[in-house]
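Each chain gets a letter, A, B and so on, in the order its sequence line appears, and its residues count up from 1. Reckoned from all heavy atoms, side chains included, excluding hydrogens, waters and symmetry mates. What you are looking at is a predicted structure, and each value in this text was computed from that prediction instead of being measured.
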2 protein chains.
Amino acid sequence: MDLTERNRLSDNIVHKLRKAILLGEFALDEHLREPALAERFGTSRTPVRDALMVLIREGFVAKLSSGRVVVQGISSEDITNLYEVRFILESHALAAWAKQIERLPLQPLKNCFERMNLNFVRSGEFSELDMEYHEQLIRLAGNKSLLQSWLGIGETIHSILEITNQGYPRGEQIVQDHSKIIEFLDRNKIDEAVATLKQHLYEGQMTMVETVEKLKKLKTHSTNP
Amino acid sequence: MDLTERNRLSDNIVHKLRKAILLGEFALDEHLREPALAERFGTSRTPVRDALMVLIREGFVAKLSSGRVVVQGISSEDITNLYEVRFILESHALAAWAKQIERLPLQPLKNCFERMNLNFVRSGEFSELDMEYHEQLIRLAGNKSLLQSWLGIGETIHSILEITNQGYPRGEQIVQDHSKIIEFLDRNKIDEAVATLKQHLYEGQMTMVETVEKLKKLKTHSTNP
DNA sequence: TATTATCTAACTGTCGACAGTTTAATAAAG
DNA sequence: CTTTATTAAACTGTCGACAGTTAGATAATA
């Protein structure tokens with residue numbers, strides 16, 4: 001079933017570069033040079049180039065038409081934007097699912113929830129399961145483009161969570177919300193499911209904004225002599 | 001203002017590969033081999049790899065975890081999906097713009113419309129201007145993530161239009177719709193603007209589905225001996 | 001000193017090559 | 001004749017190198 005999952009060097013570089021950008025290691029609009037990055041990560045330029053293409057798509061960096069790649073950084077407004085789009089995509093998924101003549105089964109969503117419910121203490125896996133739950137939610141719509149758009153947003157959010165994650169203080173709340181959404185869907189109460197989702201995402205957004213703000217202050221102090 | 005626009009070989013390859021896939025030159029799930037493509041386009045493998053990464057993002061091909069890149073093709077359902085997402089993004093842009101305390105100016109949208117209104121005979125530029133109009137519409141929301149998500153959808157749609165384009169039989173209707181949307185926005189009639197947009201996109205979707213179906217039939221006949 | 005011109009160093013896009021791995025083909029066994 | 005084992009060809013990921021171009025430093029001019 002194609003589980004090979006070869007580890008490419010670029011994957012590792014993507015991960016580390018995202019972290020470095022989020023932690024404010026680079027200044028805004030700073031030019032990221034491929035040779036310097038290649039030396040930093042102990043590779044040739046090829047995996048660095050591949051990694052930069054991924055980060056361009058995710059919006060962490062931007063490519064000027066001159067070819068230069070510059071750091072974009074993540075502001076509170078960016079996070080608000082991100083969650084705004086995330087909500088319209090996910091709420092549309094629920095609405096689209098409800099409109100289907102033959103609705104796709106809720107089972108994958110439920111299975112994911114069960115795994116999360118059991119392991120919700122282990123914060124490492126929790127973040128993955130949280131995102132997987134929302135991905136399953138999107139998949140309910142059976143719309144390839146919707147999934148593709150969501151993956152762009154979802155991966156960005158996930159990578160931010162991965163780094164800023166403080167151990168999921170809201171773990172129990174999250175599990176409870178996920179449970180409520182499934183119940184509402186089961187009972188065909190779509191509006192209630194969407195409302196729960198909205199509140200759920202809003203809280204996630206607030207937490208992330210706070211965390212990123214903290215990080216930013218931390219950075220400002222440590223660099224101001 | 002950064003107008004350099006260097007021509008990379010990969011851009012050319014992206015264009016030609018998209019066209020080949022849409023015209024049905026490759027079978028579904030066919031394996032695209034980098035060396036073969038490199039020879040076909042008279043380049044080394046590097047620009048081919050870069051081009052494939054773009055096509056992966058656009059959904060024309062998919063990368064298996066083994067590293068293989070396989071052709072995905074475009075079905076009528078794919079187009080429906082594409083337009084469904086496009087509509088929720090664009091309609092959200094209008095709603096978000098309307099909610100702003102200090103609304104972004106409509107001028108860029110109007111400027112784009114004027115250029116389209118003048119040149120709408122020249123079908124070559126028309127396609128570009130049509131997409132630019134809708135991009136300006138998205139920009140009204142002032143949401144970076146929304147724009148990024150839309151660009152993914154928009155570029156895919158644009159590339160399909162570019163190839164299947166039969167000379168824009170609906171040109172006048174399109175210009176008229178664009179004009180109506182601007183008027184509605186000017187008068188703060190958001191619901192009407194969204195309704196016009198919905199009808200506008202629906203007609204675009206129908207045209208594209210028809211065209212792609214025609215292409216498919218054409219292909220079936222020419223390959224069946 | 002401010003501004004323009006020149007030059008050098010460095011970067012990006014591209015190339016060909018290599019190594020490990022995977023696929024496909026062939027041979028061996030049931 | 002089908003299924004498993006073996007082998008060989010080919011592909012992907014990675015590397016170092018080169019050339020044209022760009023950015024920044026230095027020199028020249030006002």
Side-chain angles (χ1 to χ4, degrees), chain A residues 1-18 20-21 25-73 155, chain B residues 1-18 20-21 25-73 155:
Chain A
M1 222 221 256
D2 227 316
L3 314 139
T4 329
E5 192 61 40
R6 306 205 346 210
N7 38 334
R8 284 153 296 222
L9 293 179
S10 58
D11 292 338
N12 190 23
I13 298 178
V14 167
H15 189 82
K16 287 180 177 167
L17 266 184
R18 270 199 295 232
I21 292 172
E25 182 179 328
F26 304 107
L28 207 76
D29 284 327
E30 181 174 340
H31 178 192
L32 292 187
R33 287 160 228 267
E34 292 174 5
L37 295 177
E39 190 180 16
R40 166 173 179 162
F41 297 115
T43 70
S44 79
R45 277 175 52 217
T46 310
V48 170
R49 291 181 113 260
D50 293 350
L52 287 178
M53 281 200 230
V54 174
L55 293 176
I56 289 165
R57 175 164 53 90
E58 294 183 349
F60 285 92
V61 301
K63 183 168 213 149
L64 308 182
S65 50
S66 64
R68 281 191 166 205
V69 172
V70 296
V71 174
Q72 293 285 280
E155 277 172 28
Chain B
M1 224 224 252
D2 226 319
L3 315 139
T4 329
E5 192 61 39
R6 313 221 325 224
N7 38 334
R8 283 152 296 218
L9 294 178
S10 57
D11 292 338
N12 191 22
I13 298 178
V14 166
H15 189 82
K16 288 180 177 167
L17 266 184
R18 270 199 297 234
I21 291 172
E25 181 177 329
F26 304 107
L28 207 75
D29 284 326
E30 181 173 341
H31 178 192
L32 292 186
R33 288 161 228 266
E34 293 174 6
L37 294 177
E39 190 180 17
R40 166 171 180 163
F41 296 115
T43 71
S44 77
R45 276 175 53 218
T46 310
V48 170
R49 292 183 110 259
D50 292 351
L52 287 178
M53 282 199 231
V54 174
L55 294 176
I56 288 166
R57 173 163 54 88
E58 294 182 350
F60 285 92
V61 300
K63 183 168 214 152
L64 308 181
S65 50
S66 63
R68 281 190 164 205
V69 172
V70 295
V71 175
Q72 294 284 280
E155 277 172 28

| said: If I take atom CG in residue Asn7(A) and atom P in nucleotide dT14(D), what distance separates them, rounded to the nearest angstrom? | reply: 9 Å
| message | How long is the straight-line distance from CG of Leu17(B) back to CG of Leu32(B), given to the nearest 0.5 Å? | response | 6.5 Å
| Ile13(B) versus Thr43(B): any side-chain heavy-atom pair under 4.5 Å? | yes
| field | Shortest side-chain distance from Arg8(A), nucleotide among dG13(D), dG13(C), dG24(D) | value | dG13(D)
| said: Using a 4.0 Å cut-off on heavy atoms, which residues in residues 33-54 of chain B reach DNA chain C? List them by number, or say none. | reply: Thr43(B), Ser44(B), Arg45(B), Thr46(B), Pro47(B)
| task | Would you mind reporting whether Arg57(A) and Met53(B) have side-chain heavy atoms less than 4.5 Å apart? | result | no
| message | Measure NZ/Lys63(A) against P/dC11(C) and give the value in whole Å, please. | response | 15 Å
| query | Given atom CD of Glu30(A) and atom C1' of dG24(D), what is their separation to the nearest angstrom? | reply | 16 Å
| How close or far is atom P of dG20(D) from atom CG of Leu9(B), stated in whole angstroms? | 14 Å
| Distance in angstrom units between His31(A) NE2 and dA23(D) P, rounded | 9 Å
| message | Under the rule for side chain to side chain donor-acceptor pair (under 3.5 Å), what residues qualify as partners of Arg40(A), not counting sequence neighbours? | response | Glu25(A)
| query | Looking at CZ of Arg68(A) and CD of Glu30(A), how far apart are the two atoms once the value is rounded to the nearest 0.5 Å? | reply | 11.0 Å
| Side chains of Asn7(B) and Asn12(B): closer than 4.5 Å at any heavy-atom pair? | no
| Arg68(B) vs dG13(D): side-chain N/O to OP1/OP2 distance below 4.0 Å | no
